[in-house]
Amino acid sequence: MSATPRTIAFIGLGIMGSPMAANLVKAGHTVTGFNLEQSAIDALVAAGGKGATSIADAVAGADVIITMVPADPHVEQVILGEGGVLENAKAGSLVIDMSSITPQTSIKVAAAAAEKGIRTLDAPVSGGEAGAIEAVLSIMVGGEAADFAEAKPLFDALGTTVIHVGPAGAGQTVKAANQLIVAVNIQVVAEAVVFLENAGVDLGAALDVLAGGLAGSTVLNRKKANMVNREFAPGFRIDLHHKDMGIVTAAARAVEAPLPVGSLVAQLVASARANGDGSLDHSALLRGVERLAGRTVK
Ligand code: NAD
């Protein structure tokens, strides 16, 4: 309990938001949560937080407002929409959007907030559900340096790698690069899995030794068990990674950066969705490789 206690509204208590809000409670802050499903609000209350009946109710009296919702339309609705954050937040408050969205929407939100004397940061995260639960997320932050400094103690309650990467929107640009690297990494791990199985090598032993060498990665460590056991409960849904591949391919195109491998993997993520795997964890890209290999996908 090192940080000065803050009064925080937390909107979006899903796979990521729930454990993040609970970690802010643990760090000594007053956290009032709002979410579309009541069960997640009840869980926050059980963890020592408070429950709200609307965005307006959550935001009343808050000096920091955190949003963690799926995609651009949800951020627009929650922050800019009728009955949303900007209609209800007090001047001088700090809005921190931790969702993964396009840099343009973060910049639009920052401009709309500034007109009302409200400060914003875009602060998307990496590390997955496990990283959120263990409070070891990487947090990439765009916005003013002074606002970052103010929010740093809150970020430190959620993650271990917390870096200010530039002005409004810059956090989202870095997150887009993150999603590119993660998707390509998962895809090649999945290809290695099918290759190793077809070759008749013990998969668990093979992945253990690969994890200790140059082929090792956080993706391999965190997703190995999912692949070996074909356990694809999310985690991070393929639907959301599809959204992120759309963000990174558009953002890279805008700055004339070629993504030949990333574009191909974006197609494979889209194909996974088209095959009905959108609600599975992104480690289920393995199922797409199995289809390509002519295997029966269980
Ligand atoms: P999720 O679908 O589990 O949770 C989103 C939550 O937002 C839901 O509980 C929903 O009720 C709430 N919500 C949506 N609209 C709302 C509204 N109008 N008012 C109140 N609540 C609303 O999603 P998630 O997996 O927690 O991901 C959230 C964001 O974090 C996404 O942008 C995702 O890309 C990003 N992200 C996810 C992971 C992961 O591993 N799951 C990792 C890093 C980043």
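Worth saying up front: this structure is predicted, and the values here are computed from it rather than measured. Order of listing sets the numbers, starting from 1, for every ligand and every atom in it. Below, all heavy atoms of this structure are taken into account, side chains as well, without hydrogens, waters or symmetry copies.
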Distance-only side-chain donor-acceptor flag, Asp97 / Thr67, under 3.5 Å: yes
Polar proximity ligand 1 side, Met16 side, N/O cut 3.5 Å exclusive: yes
Closest approach of any protein heavy atom to atom 30 (O) of ligand 1, naming residue and atom: Met68 CE, 3.1 Å
Any N/O pair Gly128/ligand 1 closer than 3.5 Å: no
Single hit among Val64, Ile8, Thr4 for side-chain contact (heavy atoms from CB on, under 4.5 Å) with His29: Ile8
Min N/O separation Asn35 to ligand 1 under 3.5 Å: yes
Atom indices of ligand 1 within 4.0 angstrom of Leu13 heavy atoms, with elements: 9 (O)
ILVMFWY cluster, Val184 and Leu268 together (side-chain gap under 4.5 Å): no
For Val78, the ligand 1 atoms whose distance to one of its heavy atoms is below 4.0 Å: 17 (C), 18 (N), 19 (N)
Atom 43 (C) of ligand 1 - nearest protein heavy atom and its distance: Val125 O, 3.4 Å
For atom 16 (C) of ligand 1, the option (of Leu36, Leu137, Asp281) bearing the nearest heavy atom: Leu36
Side chain, backbone, both or neither: Ile11 near ligand 1, heavy atoms under 4.0 Å: side chain
Per-atom contacts, ligand 1 versus Ser100 - under 4.0 Å to a heavy atom: 32 (O), 34 (O), 35 (C), 44 (C)
Aromatic ring pairing His241/His282, orientation class (parallel under 30°, perpendicular over 60°, tilted between): tilted
Heavy-atom pair with the smallest gap, counting every atom of Gln172 and Pro124: OE1-CG, 3.6 Å
Pairs touching residues 155-174 that satisfy salt bridge (Lys or Arg N to Asp or Glu O under 4.0 Å), sequence neighbours left out: Lys152-Asp156
Minimum-distance protein heavy atom relative to atom 27 (O) of ligand 1: Leu240 CD1, 3.9 Å
For the student: nearest non-hydrogen atoms of Met245 and Ala266, plus distance: CB-CB, 3.8 Å
Proximal ligand 1 atoms for Glu129, defined as those under 4.0 Å from one of its heavy atoms: 40 (O)
From the candidates Ile55, Asn178, Val69, Ile247, the one that places a heavy atom nearest atom 28 (C) of ligand 1: Val69
Proximal ligand 1 atoms for Gly12, defined as those under 4.0 Å from one of its heavy atoms: 7 (O), 12 (C)
Phe34 neighbourhood, listing ligand 1 atoms whose heavy-atom distance to it stays under 4.0 Å: 19 (N), 20 (C)
Heavy-atom gap Gly235 to ligand 1 smaller than 4.0 Å: yes
Minimum-distance protein heavy atom relative to atom 39 (C) of ligand 1: Phe236 CD1, 3.2 Å
Audit row: Met98, Met16, side-chain contact (heavy atoms from CB on, under 4.5 Å) steps and yes/no: CA-CA 10 Å; Met98 304 193 78; Met16 298 297 283; over 6 Å; no
Whether Met98 lies under 4.0 Å from ligand 1, heavy atom: no
Linked, directly or transitively: Val194 and Met227 (ILVMFWY side chains, under 4.5 Å): yes
Distance from atom 34 (O) of ligand 1 to nearest protein heavy atom, with residue and atom: Lys243 NZ, 2.8 Å
Side-chain H-bond candidate by donor/acceptor type, Asp244 with Ser100, under 3.5 Å: no
Protein residue, atom and distance nearest to atom 4 (O) of ligand 1, heavy-atom basis: Gly14 CA, 3.2 Å
Nearest neighbour in protein (non-hydrogen) for atom 3 (O) of ligand 1: Ile15 N, 2.9 Å
Audit row: Asp281, Lys223, salt bridge (charged side-chain N to carboxylate O under 4.0 Å, His left out) steps and yes/no: CA-CA 10 Å; Asp281 186 69; Lys223 299 298 176 184; 3.1 Å; yes
Ligand-side contact atoms (ligand 1) for residue partner Glu37, heavy atom cut-off under 4.0 Å: 8 (C), 9 (O), 10 (C), 11 (O)
Polar proximity ligand 1 side, Arg237 side, N/O cut 3.5 Å exclusive: yes
Element-labelled atoms of ligand 1 that are located less than 4.0 Å from some non-hydrogen atom of Lys175: 43 (C), 44 (C)
Within-shell test, Pro70 vs ligand 1, heavy atom, strictly < 4.0 Å: yes
Single-linkage hydrophobic cluster, 4.5 Å side-chain cutoff, Val248 and Val75 together: no
Residues in side chain to side chain donor-acceptor pair (under 3.5 Å) contact with Gln38, at least two apart in sequence or another chain: Asp42
Any donor-acceptor N or O pair under 3.5 Å, side chains Gln179, Lys175: yes
Derivation and outcome, side-chain contact (heavy atoms from CB on, under 4.5 Å), residues Ile66 and Leu24: CA-CA 11 Å; Ile66 298 180; Leu24 289 167; 3.7 Å; yes
